[in-house]
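Computation of the quantities below employed the complete heavy-atom set of this structure, encompassing side-chain atoms and omitting hydrogens, waters and symmetry-equivalent molecules. Every value quoted in this text rests on a predicted model; they were computed, and no experiment measured them.
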Amino acid sequence: MRRYLHRLRDRFDYIFIDCPPSLGLLTLNALVAADAVMIPLHCEYFALEGLAELVSTMRRIRAGLNPDLDIEGVLLTMYDERTNLGQQVAREVREYFKDKVFQTVIPRNVRLGEAPSHGLPVVLYDVKSRGAEAYQALAKEFLRSEDGKTSGAR
């Protein structure tokens, strides 16, 4: 995968590899091939354990197969500001990862769950939903941060 993607680099500004939430062969290959990882994290307790596993795996991959692998950012998802658990997970992640956590947070939103069953991305299913607006804000934040990196501002 790494060699194949390397040949495509000049044709694209960004290449995203969407992986399952497991550390199986596909995910490991993607980590070896990637420059950076965007980590979507459900704001729930058990997700923190999975995050710890991922970070540990990334350390091992950096040590042996991909020394340049970095965390692009952690994206808090399924966030419900009304719950203590959601607030606590968000606080702990921000304390540990500091500026690696995106400011944009993806809320728990029914429309996000409905969109795939209609075969549509949420921005086409219901562009005015809180979830769609959050993903649009994430895209803008990501592009701003990339502009800052290329100009040396970050």
Side-chain angles (χ1 to χ4, degrees), residues 1 4-5 8-58 61 69-151 153-154:
M1 182 186 294
Y4 181 74
L5 290 176
L8 297 174
R9 283 179 176 269
D10 294 338
R11 295 174 55 195
F12 300 97
D13 292 330
Y14 305 101
I15 300 173
F16 288 89
I17 307 168
D18 188 11
C19 297
S22 68
L23 293 174
L25 191 56
L26 176 62
T27 303
L28 293 175
N29 275 317
L31 291 172
V32 171
D35 296 325
V37 178
M38 180 186 293
I39 305 169
L41 181 75
H42 285 211
C43 289
E44 298 181 2
Y45 175 75
F46 287 119
L48 291 176
E49 290 183 14
L51 180 60
E53 285 277 324
L54 176 60
V55 169
S56 174
T57 299
M58 288 180 66
I61 288 172
L69 183 63
D70 194 14
I71 294 174
E72 177 68 31
V74 178
L75 174 63
L76 300 172
T77 67
M78 303 285 284
Y79 180 70
D80 187 343
E81 70 275 357
R82 300 169 300 176
T83 67
N84 290 334
L85 178 61
Q87 293 173 16
Q88 180 183 359
V89 168
R91 187 172 44 254
E92 287 182 24
V93 169
R94 289 188 189 285
E95 285 174 10
Y96 184 80
F97 287 99
K98 312 252 186 267
D99 63 341
K100 291 283 188 179
V101 181
F102 287 100
Q103 292 301 310
T104 303
V105 174
I106 308 302
R108 187 174 296 274
N109 181 256
V110 172
R111 304 304 265 176
L112 288 174
E114 291 173 350
S117 68
H118 292 274
L120 293 170
V122 72
V123 295
L124 295 178
Y125 179 65
D126 186 354
V127 72
K128 298 289 185 193
S129 70
R130 287 181 62 218
E133 290 175 349
Y135 275 110
Q136 291 173 33
L138 171 65
K140 290 174 185 173
E141 180 181 353
F142 175 80
L143 291 172
R144 277 193 310 271
S145 73
E146 291 300 302
D147 285 344
K149 288 178 189 176
T150 58
S151 68
R154 189 169 186 213

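- Of the inter-residue distances, the one linking Tyr45 atom OH with Leu85 atom CG reads 10.5 Å to the nearest 0.5 angstrom.
- What you find for Met38 and Glu72 is that their closest heavy atoms are N-CB, 4.3 Å.
- Salt bridge Arg111/Glu114: present, at least one basic N to carboxylate O contact under 4.0 Å.
- Looking at Arg9 and Asp35, their side chains come closer than 4.5 Å, going by heavy atoms from C-beta outward.
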Evaluate the side chain to side chain contact (heavy atoms under 4.5 Å, CB included) criterion for residues Phe142 and Thr104: first the C-alpha distance (whole Å), next the side-chain angles of each, then the deciding distance (0.1 Å), finally the verdict.
CA-CA 10 Å; Phe142 175 80; Thr104 303; over 6 Å; no
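- Within the 4.5 Å cutoff, the side chain of Gln136 has heavy atoms near those of the Val127 side chain.
- Here the closest non-hydrogen pair linking Ala30 and Cys19 is CB-SG, 3.5 Å.
- By the 4.5 Å heavy-atom criterion applied to side chains, Ile106 and Leu112 are counted as neighbours.
- Looking at Cys43 and Asp80, their side chains never come closer than 4.5 Å, going by heavy atoms from C-beta outward.
- No more than 12 heavy atoms of other residues, nucleotides or ligands shown are found within 6.0 angstrom of OH on Tyr4.
- Thr57 contributes a side-chain N or O that, together with a main-chain N or O of Glu53, makes up a donor-acceptor pair within less than 3.5 Å.
- At least one side-chain heavy atom of Gln87 sits under 4.5 Å from a side-chain heavy atom of Tyr79.
- For the pair Val74/Arg94, no side-chain contact is recorded, criterion being any heavy-atom separation below 4.5 Å from C-beta on.
- Atom CG of Leu31 is separated from atom CD1 of Ile61 by 4.0 Å, given to the nearest 0.5 angstrom.
- One distance of note links CD1 of Ile71 with CD1 of Ile39; it measures 4.0 Å at 0.5 Å rounding.
- Between Pro121 and Ala115, the closest heavy-atom pair is C-CB, 4.2 Å.
- Residue Thr83 comes nearest to Gly86 through the heavy atom pair OG1-N, 3.1 Å, listed as atom of the first residue, atom of the second, then distance.
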For a side chain to side chain contact (heavy atoms under 4.5 Å, CB included) check, start with the C-alpha distance between Asn109 and Tyr135, then their side-chain angles and the critical distance, and finish with the verdict.
CA-CA 12 Å; Asn109 181 256; Tyr135 275 110; over 6 Å; no
List the steps, then state whether side chain to side chain contact (heavy atoms under 4.5 Å, CB included) holds for Ile17 with Asn29.
CA-CA 10 Å; Ile17 307 168; Asn29 275 317; over 6 Å; no
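- Within the 3.5 Å criterion, the main-chain N or O of Gln103 finds a donor-acceptor partner in the side chain of Glu141.
- By the 4.5 Å heavy-atom criterion applied to side chains, Leu41 and Leu48 are counted as neighbours.
- Annotation for Ser22 and Thr27: closest pair O-OG1, 2.9 Å, computed over non-hydrogen atoms.
- Counting non-hydrogen atoms of neighbouring residues, nucleotides and ligands closer than 6.0 angstrom, the OH atom of Tyr14 exceeds 12 such neighbours.
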Side chain to side chain contact (heavy atoms under 4.5 Å, CB included) between Arg82 and Arg108, worked out
CA-CA 11 Å; Arg82 300 169 300 176; Arg108 187 174 296 274; 5.9 Å; no
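- Distance check: Leu76 CG to Arg91 CZ gives 12.5 Å after rounding to the nearest 0.5 Å.
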